[in-house]
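What follows is a short report on a single structure.
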Amino acid sequence: MNTTKSEKLYEQALDFMPGGVNSPVRAWKSVGKSPVFIDHAEGDKIYDVDRNEYIDYVCSWGPNILGHTHPEVINAVIDTCKKGLTFGACHSGEIELARAIKRNFPSMEMLRFVNSGTEAVMSAVRAARGYTKRDFIVKFEGCYHGHSDGLLVRAGSGLLTNSIPDSSGVPKGYTETTLLAKYNSVESVEKLFDKYGKDIACVIVEPCAANMGVVPPKSGFLQFLRDITEKYGALLIFDEVITGFRLSIGGAQKYYGVCPDITTLGKIVGGGMPLAAYGGKREIMECISPLGSVYQAGTLSGNPVAVSAGLATLKILEENQDTIYPELEKKSARIESAMRKAGLNVNRAGSIMTAFFTDKSVTDYETAKSSDTKKYADYFNYLQSNGIYTAPSQFEAMFVSVAHTDEDIEKTCNIIEEYKK
Ligand SMILES: *Cc1c(COP(=O)(O)O)cnc(C)c1O
């Protein structure tokens, strides 16, 4: 495979942007290669600048559930652009999109649009703290909630300590109120509530973790979080930036049947444009300015072009939900079975999955980290050289889209089945 043009572009990019990229995972550092530069995409394929063609299972890290360049989405964007890119004022699309979201996420009685998942989570946590008048939050090791200061944490030493910053530039004070629990561990959460219960504003969780590779919740775990937060008067936040409109039209909360107080959405909800949202119970959201005292704002929030892409995407998903989600499930199950045939250890929930290179059953961050990332890199390189584009990191998901044709799924499965560990 010839990637000369990409290599030349990467050399230039290195001069302008840290690591040559605008988001770290794009640098392909963990698979020991220089990244390919994308020229264009269509349907289930992406094409790099050297004219290599790949079946795309990154799907822009989730947003492209309809695949690339869906005509209805593209046309909606073009039509909206002609009327102006941004007004910094109210427009009716905001109401339409809010209505479409609420129809499928009834727990989001009111919501706010923002520009990224990071911003949605940051604002949701502020709302939870403002509403409960408490400072502490509980998050889980291995769950990613964007790059805001208070959420970039890792475990300190000692069993029941507060977390410490997981990035330089984050002052200790910002993470002292972030408590770290183990995903799928009831006991770790109970311990934190025993000690800090009346000071905990919220528990934030990826209802199906997808940022340490895919790690589904154990049966009863989400309901346990629902019960313990209620018992202590804390709020439950589901970060559905990946799972929203992905696991089902109503996200993970519908898929698993557990209802949070606040939900964050991103990725799919913007249909490929920068748009995210947070929302929840009316009385919580009424704490947000200008109604309440929790400040949150945004120059480009609810941007009409982004809203139109989101609306077009949700419209297609909603109208075709009875075929789309069962088909995604079927295609994804087919790929999972190919992985198992190749002897891979795979976790899957609906149309997201990850192959791990460990004998352990992966149920939390510790077991996810036991995966041999060198073996993952080898697997990634094998797939890429065979025209299959997957995440250049062990700790990400493989995304299946509506646009993946049966033919391309079969091709993918044949290649996976021939993989020699
Ligand atoms: C991607 C992601 C985020 C961050 O969203 P950005 O738009 O990249 O800021 C937050 N939470 C989860 C669960 C995510 O997958």
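Values in this document were obtained by computation on a predicted structure and should not be read as measured data. Both backbone and side-chain heavy atoms feed into the values below; hydrogens, waters and symmetry mates do not. Just follow the structure's listing: the first ligand is 1, and inside any ligand the first atom is 1.
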**OP:** Classify the angle between the aromatic ring planes of Y382 and Y419 as parallel (below 30°), tilted (30 to 60°) or perpendicular (above 60°).
**Re:**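 Because their plane-to-plane angle lies in the 30° to 60° range, the rings of Y382 and Y419 count as tilted.
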Original post:
Between E318 and R103, does at least one N-O distance fall below 4.0 Å, as a salt bridge requires?
Top reply: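 A salt bridge is present here (some side-chain N lies under 4.0 Å from a carboxylate O).
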**OP:** Answer yes when E336 and R348 have at least one side-chain N-carboxylate O distance shorter than 4.0 Å, and no when they do not.
**Re:**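 Looking at R348 together with E336, the answer is yes, because their closest N to O distance falls below 4.0 Å.
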Original post:
Among all residues two or more places apart in sequence or in another chain, which pass the side-chain contact (heavy atoms from CB on, under 4.5 Å) test with V21?
Top reply: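 Per chain and number, V21 pairs via side-chain contact (heavy atoms from CB on, under 4.5 Å) with R26, A27.
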Quick one: ligand 1 N/O to protein N/O pairs below 3.5 Å?
from, atom 1, to, atom 2, distance (Å)
ligand 1, 5 (O), G117, N, 3.4
ligand 1, 7 (O), G117, N, 2.8
ligand 1, 9 (O), G117, N, 3.4
ligand 1, 9 (O), T118, N, 2.8
ligand 1, 9 (O), T118, OG1, 2.6
ligand 1, 11 (N), Y144, O, 3.3
ligand 1, 11 (N), D239, OD1, 3.4
ligand 1, 11 (N), D239, OD2, 2.7
ligand 1, 15 (O), N211, ND2, 3.1
ligand 1, 15 (O), K267, NZ, 2.7

Subject >> Nearest atoms (heavy-atom pairs only) where Y295 meets A297 >> reply: OH-CB, 3.4 Å
**OP:** Check the pair K172 / E176 against salt bridge (Lys or Arg N to Asp or Glu O under 4.0 Å), numbers first and verdict last.
**Re:** CA-CA 6 Å; K172 254 202 325 230; E176 273 166 4; 5.6 Å; no
